[in-house]
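Single-structure report; data block below.
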Amino acid sequence: FTLELAKQMEQVLIASGYDVYLTREEDDVNMSNLDRSTFANEHKADLFIRLHGNSSNDLSLQGIEMFYPSKDNIHVGNLSEPSEKASMYILSELIKTTGANSQGVYALDNMPEHNFSMSPVVTLLPGYMTNREEDELLQTTAYQVKLAEGLKNGLNLYFESLENRQSAK
């Protein structure tokens, strides 16, 4: 489902003028966390977005969650503030467009895929595949388009905030 969702997001973002680079176009690609970060670094990404299905032992749990590196991260602590800001904007807009539950934004340093990034980096978990109802919803094109629209809206706000910050200096 994450590849199909990534492709929906790619279409919406490209139509809005964003340059988008997917780390994979097919299901059978085997890339390490370092390979994915290197890919984003080589493309000089303004924001590296990791997309991952969520799971829990609590089968009733539903909602969207975001992770970013903390300021104490010894590898990428300098990326914490813009990564947190991107996470907050994205989650807020995803909740608005989908009506999903917010599971929050969390600073985590046990995510090796963050540690190799040279740009702000976030992990988006758009829903729980262990919740039957949400898993079925995540598989639908209509919901994936809502997620893509929410992502676009969040990115627009994030990049506007960076522009406003630059112009205020």
Test side-chain contact (heavy atoms from CB on, under 4.5 Å) on Leu51 and Leu151 and set out the steps. CA-CA 11 Å; Leu51 186 59; Leu151 175 63; over 6 Å; no
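- From Asn131, atom CG reaches atom CG of Leu138 across 9.0 Å, with rounding to the nearest 0.5 Å.
- At least one side-chain heavy atom of Ile64 sits less than 4.5 Å from a side-chain heavy atom of Leu147.
- Counting only distance, with no hydrogens or angles, the side chain of Gln103 and the backbone of Gln62 share a donor-acceptor pair below 3.5 Å.
- Atom-to-atom distance recorded for Tyr68:OH and Leu91:CG is 12.0 Å, nearest 0.5 angstrom.
- Between the side chain of Ser87 and the main chain of Ser83, a donor-acceptor pair closer than 3.5 Å is present.
- Met88 and Val76 end up in different hydrophobic clusters when Ile, Leu, Val, Met, Phe, Trp and Tyr side chains are linked at under 4.5 Å.
- Side-chain polar atoms of Asp35 and Ser32 form a donor-acceptor pair below 3.5 angstrom.
- Atom CZ of Arg24 sits in a crowded spot, with more than 12 heavy atoms from other residues, nucleotides or ligands closer than 6.0 Å.
- A salt bridge links Lys96 to Glu93: one of the charged nitrogens lies within less than 4.0 Å of a carboxylate oxygen.
- Once rounded to the nearest 0.5 Å, the distance linking CZ of Arg132 with CG of Leu59 reads 11.0 Å.
- Atom NZ of residue Lys152 and atom OH of residue Tyr18 lie 8.5 Å apart, to the nearest 0.5 angstrom.
- Side chain to side chain, Asn164 and Glu160 fail the donor-acceptor criterion of an N or O pair below 3.5 Å.
- In this structure, Ser161 contributes its side chain and Tyr158 its backbone to a donor-acceptor pair below 3.5 Å.
- One finds no salt bridge joining Glu81 and Lys85 here, because no Lys/Arg side-chain nitrogen approaches an Asp/Glu carboxylate oxygen to under 4.0 Å.
- No option in Leu157, Asn156, Leu162 other than Leu162 meets the side-chain contact (heavy atoms from CB on, under 4.5 Å) test with Phe159.
- Looking only at distances, no side-chain donor or acceptor of Asp72 sits under 3.5 Å from a matching main-chain atom of Asp109.
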Check the pair Phe116, Thr38 against side-chain contact (heavy atoms from CB on, under 4.5 Å), reporting the backbone distance first and the verdict last. CA-CA 7 Å; Phe116 305 112; Thr38 299; 6.0 Å; no
Residues 5-14 side chain polar contacts: donor-acceptor under 3.5 Å, at least two apart:
| from | atom 1 | to | atom 2 | distance (Å) |
| --- | --- | --- | --- | --- |
| Lys7 | NZ | Glu25 | O | 3.1 |

Residues Arg36, Phe48; criterion side-chain contact (heavy atoms from CB on, under 4.5 Å); working and verdict: CA-CA 9 Å; Arg36 292 174 195 278; Phe48 177 26; 4.1 Å; yes
Would Asp135 and Gln139 count as a side chain to side chain donor-acceptor pair (under 3.5 Å) if you check the C-alpha gap in whole Å, the side-chain angles of each, and the deciding distance to 0.1 Å? CA-CA 7 Å; Asp135 185 40; Gln139 308 300 323; 3.1 Å; yes
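- Summarising the geometry, atom OH belonging to Tyr128 is positioned 7.5 Å from atom OG1 belonging to Thr130; distances are rounded to the nearest 0.5 Å.
- Hydrophobic clustering of Ile, Leu, Val, Met, Phe, Trp and Tyr side chains at less than 4.5 Å, counting indirect connections, keeps Val145 apart from Ile90.
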Assess the residue pair Leu155 and Ile49 against the criterion (side-chain contact (heavy atoms from CB on, under 4.5 Å)); give the C-alpha distance rounded to whole Å, side-chain angles, the decisive distance to 0.1 Å, and a yes or no. CA-CA 11 Å; Leu155 290 175; Ile49 303 170; 4.2 Å; yes
Identify all side-chain donor-acceptor contacts of residues 117-125 below 3.5 Å with residues at least two apart in sequence or on another chain.
| from | atom 1 | to | atom 2 | distance (Å) |
| --- | --- | --- | --- | --- |
| Ser117 | OG | Ser119 | N | 3.2 |
| Ser117 | OG | Ser119 | O | 2.7 |
| Ser119 | OG | Ala45 | O | 3.4 |
| Thr123 | OG1 | His114 | NE2 | 2.8 |

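- With values rounded to the nearest 0.5 angstrom, Leu34 atom CG is found 11.5 Å from Glu113 atom CD.
- With sequence neighbours left out, Tyr21 forms a ring-ring contact (aromatic ring centres under 6.0 Å, His included) with His43.
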